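For reference, the structure is listed below as structure tokens.
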Amino acid sequence: MSASHPLSPLSAVEVQAAVALVKGLPEFSATVRIISVTLEEPDKSSVHSGGTNPNREASAVLFDNATNGGWVVGLNLTQNCVTSLHPTPVGAQPMMSIDEQVECERAVLTSPVFHAALKKQYGDIDPSLVMVDIWSAGNYGSEEDRTRRLARPLCFLRSDPTDNGYARPIEGIRPVVDLNTMTVLRVEEYGQWPLPPQSGNYAADRVPNQRTDIQLLSITQPNGPSFTVDGNSIAWQNWKFVVGFSAREGLTLHHIRYADRSILYRASLTEMVVPYGDPRPTQARKNAFDVGEYGMGMCANSLRLGCDCLGHIVYLDGHLCDSRGRPLTIPNAICIHEEDFGILWKHTDRRLPDSPEVRRSRRFVVSSVSTVENYEYGFFWYFYQDGNIQFEIKLTGILSLGAAQSGEKPPHGSMIAPQLYAPHHQHFFNMRLDFDIDGTQNTVQQIDVVADAVDEANLYANAFRSRATALTTEKQACANLNLETARSWKIVNPSVKNAVGEPVGYKLFPGDNAVPYASPEAWWRKRAGFVDHHVWVTPFAADEKYAAGDYPNQSLGGDGLPRWTAADRPIENTDVVLWYTFGHTHLPRPEDYPVMPTAYIGFLLKPNGFFDQNPANDVPQSAVQKKAIGLPTASCCGTG
Ligand SMILES: [Cu+2]
């Protein structure tokens, strides 16, 4: 078995080879679920040296519903053998599989206890119209939180099978499901709320009077796209990188280079958590760790041309397996295309008004979208001609809603429709950015802009400067954004100097962000220590991949970044990883209903002394521009 690049994700054939090996283990039985099968990445040094990888390796996480315990299995797919088998820590709950979502819904819908609770609330309603979303149980210190594999689903009532059920939350009852036995342990009852009276549909066939004044906008690339795709290796303009995909992380990017100079070795969303801020007993436990509990790759959409992506598209499939080892390929999981992005640069010399120099900007987009029950997250990487890399998360989908009594205005949420409210919540994301700027030995600097003292050297009191603090140890590196100093972070290679004698570098420019409003005592915050700081820096360790640790599901907390950085390891002039946490505070609006217009959050990585001047100075004029001034257009590669 071979793959075009050693960091290419597992193919469907490789996933099935891994499944066959796992199923051959004496530990494997009918009660064992295969939670994930993932590429075990080769050593970084072998990738940087361009060596071919002699072995394709994988790791599988298994979980036995009979014993409430699991294993991590190392696999060599080239040699077709198992290389290691370790039990997971006692009590560790790997993420919930896609099968458990379906089985959990069925368990609730066929439970006589649930039917009885439903009848008490609403009389004789058709249980087949109830919709049950699996929700992770978290850990609130109880015996069962520690000893069972649990879910606390939320339930909704549709008026017909294609109705938007989220419009009618069944507020008063909360089933608790043991995912090991796949049975309803009990149904918790919190009182009675009437079903909100209005429907909230958004599907095309349910929205009458759609607008009619939109003319066709077509994007064509008659000569084809400007990128090449070889397996999962991508080349566009000066950029080269590898697209990865896994059940837990979803879309990842690897070995990002510009003009064959290394910038980022690996970039991934390591965790996210959505804590809700409503203390009502039916809402207080809501906080979803969408990566470590649900799996961003497992929840990835199959994207559609003309809907999710526009233009000349190349899609990549995502190859996974379900928890029984059956192939689970998500066709078109990743979309790859180019977009026009307005003006790249421009200057008009007023003495030469007929010859403005302007260039169109084009950006290269790699994206995927995941649906985690009610919510959608789009993950968009943008590469630009001037060396910028942008990451943007698009938040859309349906709010997680609650029912309100007639006339009630819940204080910890916003009224959205009659007797329907949306609790306040936040979305915190954590990105692991393994920079390798022109090599692996890098240093992170915290950059603060400060005003000079007013003295004889600053007579006009106008002076300010940027102050770079080299981050030397993990504890020193922990920091939050600071508006007063326009704080940013620069990753430099101290051994490689640019034309002005400074170390080459890239800068992290944060975008929107937030601090958590829940107390540090909140149960979810113990499990999500990564929200305590916006920036963390660690020395590279291949097994430190997830900001909340390997097993955040039902964890007691403390794992991940807080645990690793307690060692206060040195981080100067070594292989460093920068972890960036960013949050979106969502006070819902009626306009977010029934389906939410996209909200955006992300960050920008900009070359900062990485190049000696604007690297996009060599972008030619666009075809339209050349035509307008009478130049031949045949060899033109500018947009339009
Ligand atoms: Cu939100």
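Values in this document were obtained by computation on a predicted structure and should not be read as measured data. What you see below is based on every heavy atom in this structure, not just the backbone, and it leaves out hydrogens, waters and symmetry mates. We count ligands from 1, going down the list as the structure has it; atoms in each ligand are counted the same way.
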Between [X] and [Y] (judged by ring centroids, cut-off 6.0 Å), do the two rings come close enough to count as a pair?
X	Y	value
Phe435	Tyr506	no
Phe383	Phe241	yes
His424	Tyr517	no

Next on the checklist: Report the atom name of the nearest N/O/S atom of His586 relative to the Cu ion (ligand 1).
Outcome noted: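 Nearest N/O/S atom of His586: ND1.
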Checklist entry - Do any of the N, O or S atoms of His425 sit under 2.8 Å from the Cu ion (ligand 1)? => result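 So His425 counts as coordinating the Cu ion (ligand 1), yes.
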Item to check | 2.8 Å cut-off met by an N, O or S atom of Gln426 to the Cu ion (ligand 1) | outcome: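 No, Gln426 does not qualify, because none of its backbone or side-chain N, O or S atoms lies under 2.8 Å.
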Item to check | Salt bridge Lys545-Glu249, side-chain N to carboxylate O under 4.0 Å | outcome: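 No, Lys545 and Glu249 are not salt-bridged.
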